[in-house]
Amino acid sequence: MFDQIPQPNLYTWNTLIRAYSSSAEPIQSFMIFLQLAYNSPYFPNEFTFPFVIKAAARLVQFRVGQAIHGMVIKSSFEDDLFISNSLIHFYAICGDLAMAYCVFVMIGKKDVVSWNSMISGFVQGGFFEKAIELYREMEMENVKPDEVTMVAVLSACAKKRDLEFGRWVCSYIEKNGIKMDLTLSNAMLDMYVKCGSLEDAKSLFDKMEEKDIVSWTTMIDGYAKLGEFDAAMSVLAAVPIQQIATWNALISAYEQNGKPNEALSIFHELQLSKNVNPDEFTFVSVLSACAQLGAMDIGVQIHAKMKKQGIKLNCYLTTSLIDMYTKCGNLDKALEVFHTVKSRDVFVWSTMIAGFAMYGCGRDALDLFSRMQEAKVKPNAVTFTNVLCACSHSGLVDEGRMFFNQMEPVYGVVPGVKHYTCMVDMLGRAGLLDEAVEFIEKMPIVPGASVWGALLGACKIHENVELAEYACSHLLELEPENHGALVLLSNIYAKTGKWDNVSELRKHMRVSGLKKEPGCSSIEVNGEIHKFLAGESSHPLCKEIYSKLDEIVARLKSFGYVPNRSHLLQLVEEEDVQEQALNLHSERLAIAYGLISVEPSQPIRIVKNLRVCGDCHSVAKLISKLYNREILLRDRYRFHHFSGGNCSCMDYW
DNA sequence: CTAGGGTTAG
């Protein structure tokens, strides 16, 4: 088409570059720009550069943008305000805020756009404090903010959850007659919602004469995150034109509030409504819901639906798919996804490493970690949590120590409480209790409850009463209501004959009505989730389940199984240690139900909210042998794959 | 003919 323009002048070239820079194919701007620069009698001018820089920003092409910046300097356009403003935006988008700021300070006469670009850059880079600081500076320089400034500042307030300053900004807007356009109203709405003031949000929302998809989505998100699902649903129902983003806000809020079943049922409703199609956001949320539930059949159906709909896998989706497959007990399928995708960011790698960690495949996890570095992907804090977790579950103590020591000096990742917890867990599990204690004492940050919890867990495994008491007292200082710690402590007192302490503790627990988080196991059969609480009898097939359990026990006993109720340190109340109670553990009910209803050729997949109990672990091993079944049990920390009388954890857990 | 903004995701 361009070839047919008889005598293109520079204006024509610029128009074309501009058109492409805001089109779906900004890359074409580069093509035209190169032709202009090398195959035409013209030189790019002050109008040309902002457009190509915009294209570079939209494509997040850091190197290209840098090269263009070089050309700007060479052709002596570096003092052009428009070009500088474009460059600020470009560098900010690419995450190089230092360079953006560098361009910013070099501008002699900054206009409102310069300030806005820099403030927005800081907000989008997560430097909210810096953004607000710069806004103050702007005020001092007597540059009048406009509605774009206010959007950025409100966004910073929203992310900082600073309602007080947010309110001040709103009144400033009113007093100074700043134009309230739709975007600014939406930014205000979001600030109120994020800062938890739904009343303010609601009254603004009702006053807004123009609303769009962002307004509706923001309100739905606000209600849903507060758990006011009815209110959220009624906003959703009132949206004039159905759009997927509003559904997504609702689905993701359910999924992130520990209500994965509800998230899936909204998804089901969405499919029935047929007005709109799920998109990438939807799939990420519903896959996460499946991962939480261990609902593999549903997850597989969703994966199939994605393929059918022609959804391209981005890194978010890849991560969610891998997470779903690993958490549902299908490591092979997760690996297949991992190997077939073409781009892998730090989250994709980290999730795959976490998958290996969960299965106790420490070596594979570490292999993947080194391949990740060969691929030049920089590990982050999450990666290290997963790597250390892998070392811990596989007993790779030397490797764990090494990676921990390399974190800050080699990778620039400052160890956080999670990493210290992993280390204590790893050392403790391996029986290096003294080293674990020493490690805690040398921690540069205050050991959190999780650190003491990890030490306590190790004391339980290695039956160290004295150290357990020490860990317990620290844990209870931080979490006086930690039920597990209290029960354990009372058992320690009982063992050591401190009966006064025992009765005092028990009384405290009775009075404050502290309850153990109930054990709950779920199993998916034909796309339906069946939940079992310990000792419960509400399942429709309850009778069959209990007679199956009796049969299992009889068969196991004839095989020489003796229930184990003699741990020195038990985490359960005395009454629960009865054999009867052991038999009613939620994971057992789920296994019995699985034996009844899952095809013998299929593995039985179970998800438990707590750690699997030691006796149930032995029982599951025996069942896998005597009934010739594969059982995949995911507990709070890892996977147990029972097969032929053994468990993949090699009894190291 | 030029630059900057708000919602839903791991």
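A, B, ... follow the sequence lines: proteins, then strands. Residue 1 opens every chain. Atom set for the values below is all heavy atoms of this structure, side chains included, hydrogens, waters and symmetry mates excluded.
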>> Below the 4.0 Å mark, does B:dT8 have OP1 or OP2 next to a side-chain nitrogen or oxygen of A:Lys194?
In response: yes
> Taking NZ, NE, NH1 and NH2 as the nitrogens, is one of them in A:Glu133 or A:Arg136 under 4.0 Å from a carboxylate oxygen of the other?
Replying inline: no
> When the ring planes of A:Tyr359 and A:Phe639 are compared, do they come out parallel, tilted or perpendicular, using 30° and 60° as the limits?
Replying inline: parallel
>> Donor-acceptor pair, distance only, cut-off 3.5 Å: does the side chain of A:Arg634 make one with the backbone of A:Cys328?
In response: no
> Do A:Arg167 and A:Asp200 meet the salt-bridge criterion of a basic N to acidic O distance under 4.0 Å?
Replying inline: yes
>> If you apply the rule side chain to side chain donor-acceptor pair (under 3.5 Å), what do you find for A:Asp323 with A:Thr351, and how did you get there?
In response: CA-CA 6 Å; A:Asp323 188 52; A:Thr351 306; 5.7 Å; no
> Between B:dT8 and A:Ser252, is there an OP1 or OP2 to side-chain N/O distance shorter than 4.0 Å?
Replying inline: no
> Looking at the side chain of A:Asp345, which of B:dT8, B:dG10, B:dT2 is the nearest nucleotide?
Replying inline: B:dG10
> Would you say A:Gln256 reaches B:dT8's phosphate, i.e. side-chain N/O to OP1/OP2 under 4.0 Å?
Replying inline: no
> Looking across every strand, which nucleic acid part, if any, lies under 4.0 Å from A:Thr319 by heavy atom: base, sugar-phosphate, or nothing?
Replying inline: base
> Should the pair A:Lys312-A:Glu280 be classified as a salt bridge under the 4.0 Å nitrogen-to-oxygen rule?
Replying inline: no
> Looking at residues 53-77 of chain A, who's got a heavy atom less than 4.0 Å off DNA chain B?
Replying inline: A:Lys54
